[in-house]
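Below you'll find the structure, written out as structure tokens, and then a few comments.
No experiment lies behind these values; they were computed from the predicted model shown.
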Amino acid sequence: MTNQTISSQKKSTQLTKSQAVVEQFLSFYLDADQQSLLPTQQLLEIVKVSLTQITAIAGLAPSIMGIYNWRGDVIWVVDLASLLGYKPLYAQQYEQEKLQDKCHIILLRSQDNVIGLAVQHVGQIVKCDISKIQTSALTFANPAMMQACRGYWLSGSEETFLVLDGDAIAEIVST
């Protein structure tokens with residue numbers, strides 16, 4: 001799904017016959033075990049880039065990978081796993097002995113800003129009844145995760161997804 005515009009999938013919220021509110025999400029991995037979701041209405045594009053295309057800037061938080069030139073605009077790129085308290089991308093690849101120079105950048109629009117969220121692997125688009133997102137058992141040690149997470153969603157195939165809020169992630173990055 002690299003270099004694919006997601007604008008055609010922005011019509012994500014719809015009512016079904018049972019009045020459930022279904023929203024479309026992009027699935028991706030924060031680490032080898034944790035699948036996550038972001039609402040597609042907040043996403044612009046997904047690009048697969050070489051790490052050499054991201055220019056590192058000294059003196060920033062460890063989760064800020066640097067800047068990336070996206071269609072002539074300078075975009076901040078964040079290691080989403082590191083931001084949310086998981087192992088940074090480079091450490092995950094080292095442990096998996098899959099040292100690669102590529103990652104996926106999920107381009108997210110929040111208000112008038114665009115940020116890039118670097119992840120190792122992007123999955124597929126899934127539809128989720130947002131009334132079934134479970135929020136009661138959220139106990140995170142990381143304050144960024146508490147702020148960015150809407151809850152958990154259990155798919156029909158018994159897979160657990162962490163449901164994230166793109167606006168909350170953008171707010172964390174800007175502070």
Side-chain angles (χ1 to χ4, degrees), residues 1 6 9-10 12-13 21-49 51 54 56-57 60-68 70 73-93 103-155 159-175:
M1 183 176 289
I6 306 176
Q9 299 174 10
K10 289 186 176 180
S12 62
T13 303
V21 178
V22 176
E23 195 171 325
Q24 287 186 332
F25 291 85
L26 172 69
S27 67
F28 57 95
Y29 285 86
L30 282 176
D31 67 10
D33 300 322
Q34 184 61 62
Q35 293 187 79
S36 300
L37 300 173
L38 272 171
T40 57
Q41 72 228 30
Q42 296 177 320
L43 308 181
L44 296 172
E45 186 173 331
I46 302 161
V47 293
K48 188 171 186 176
V49 300
L51 293 177
I54 301 170
I57 307 286
L60 298 175
S63 61
I64 307 293
M65 295 176 72
I67 55 175
Y68 172 70
W70 178 64
D73 291 330
V74 175
I75 307 297
W76 287 103
V77 178
V78 177
D79 179 343
L80 186 58
S82 176
L83 179 72
L84 298 178
Y86 290 85
K87 288 184 182 169
L89 278 178
Y90 68 88
Q92 293 177 27
Q93 291 180 355
C103 69
H104 289 89
I105 297 177
I106 301 170
L107 294 155
L108 169 80
R109 177 177 299 282
S110 176
Q111 316 245 329
D112 291 332
N113 299 315
V114 177
I115 61 169
L117 305 174
V119 298
Q120 189 175 27
H121 180 72
V122 174
Q124 58 188 345
I125 301 293
V126 296
K127 290 183 178 179
C128 166
D129 179 353
I130 59 172
S131 68
K132 297 193 177 181
I133 296 173
Q134 300 176 13
T135 58
S136 62
L138 293 176
T139 54
F140 297 110
N142 183 333
M145 178 63 93
M146 284 183 79
Q147 187 176 345
C149 185
R150 291 170 57 181
Y152 285 97
W153 178 69
L154 183 64
S155 72
E159 295 177 285
T160 303
F161 292 86
L162 184 65
V163 182
L164 301 174
D165 180 341
D167 289 331
I169 293 170
E171 188 175 316
I172 295 166
V173 171
S174 68
T175 56

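For the side chain to side chain contact (heavy atoms under 4.5 Å, CB included) criterion with Tyr29, the lone passing option out of Gln120, Gln35, His104 is Gln35.
What you find for Cys149 and Leu164 is that their closest heavy atoms are CA-CD2, 4.1 Å. Counting all heavy atoms, side chain and backbone alike, Glu23 lies closest to Ile130 at OE1-CG2, 3.4 Å. Looking at every heavy atom in both residues, Tyr68 comes nearest to Val49 through OH-CG1, 3.3 Å. Here the closest heavy-atom approach between residue Ser27 and residue Phe161 is recorded as CB-CE2, 3.9 Å. When every heavy atom of Thr135 is checked against every heavy atom of Gly151, the shortest pair comes out as CG2-CA, 4.1 Å. For Ala148 against Leu84, the heavy-atom pair with the smallest separation is CB-CD2, 3.8 Å.
Taking 4.5 Å as the limit, some side-chain heavy atom of Asp165 sits within range of a side-chain heavy atom of Gln42. Inter-residue side-chain proximity for Leu162 and Leu37 is flagged as unmet; no heavy-atom pair is nearer than 4.5 Å. Contact of the Leu38 side chain with the Ile169 side chain is registered, since non-hydrogen atoms from C-beta on lie closer than 4.5 Å. Looking only at side-chain heavy atoms (C-beta outward), Ile57 and Ile67 come within less than 4.5 Å of each other. Residues Ile54 and Ile105 meet the side-chain proximity criterion, which asks for heavy atoms closer than 4.5 Å. Leu51 is not listed as a side-chain neighbour of Tyr90, based on a closest heavy-atom distance of 4.5 Å or more. Looking at heavy atoms from C-beta onward, Asp31 lies out of side-chain contact with Lys87 at the 4.5 angstrom threshold.
Atoms CG and CG, from Leu26 and Leu43 in turn, are 6.0 Å apart once rounded to the nearest 0.5 Å. For the atom pair CE of Met145 and CD of Gln147, the computed distance is 12.0 Å after rounding to the nearest 0.5 Å. From Gln24, atom CD reaches atom OG1 of Thr40 across 5.0 Å, with rounding to the nearest 0.5 Å. Note that the OG atom of Ser36 and the CH2 atom of Trp153 stand 13.0 Å from one another [nearest 0.5 Å].
A donor-acceptor pair is defined here as one N or O able to donate and one able to accept, closer than 3.5 Å; such a pair exists between the side chain of Asp79 and the backbone of Leu89.
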Would you mind writing out the side-chain donor-acceptor pairs for residues 108-119 within the sub-3.5 Å range, not counting sequence neighbours?
{"unit_1": "Ser110", "atom_1": "OG", "unit_2": "Asp167", "atom_2": "OD1", "d": "2.9"}

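By the side chain to side chain donor-acceptor pair (under 3.5 Å) test, Gln34 is found to be paired with no residue, residues two or more places apart in sequence or in another chain being considered.
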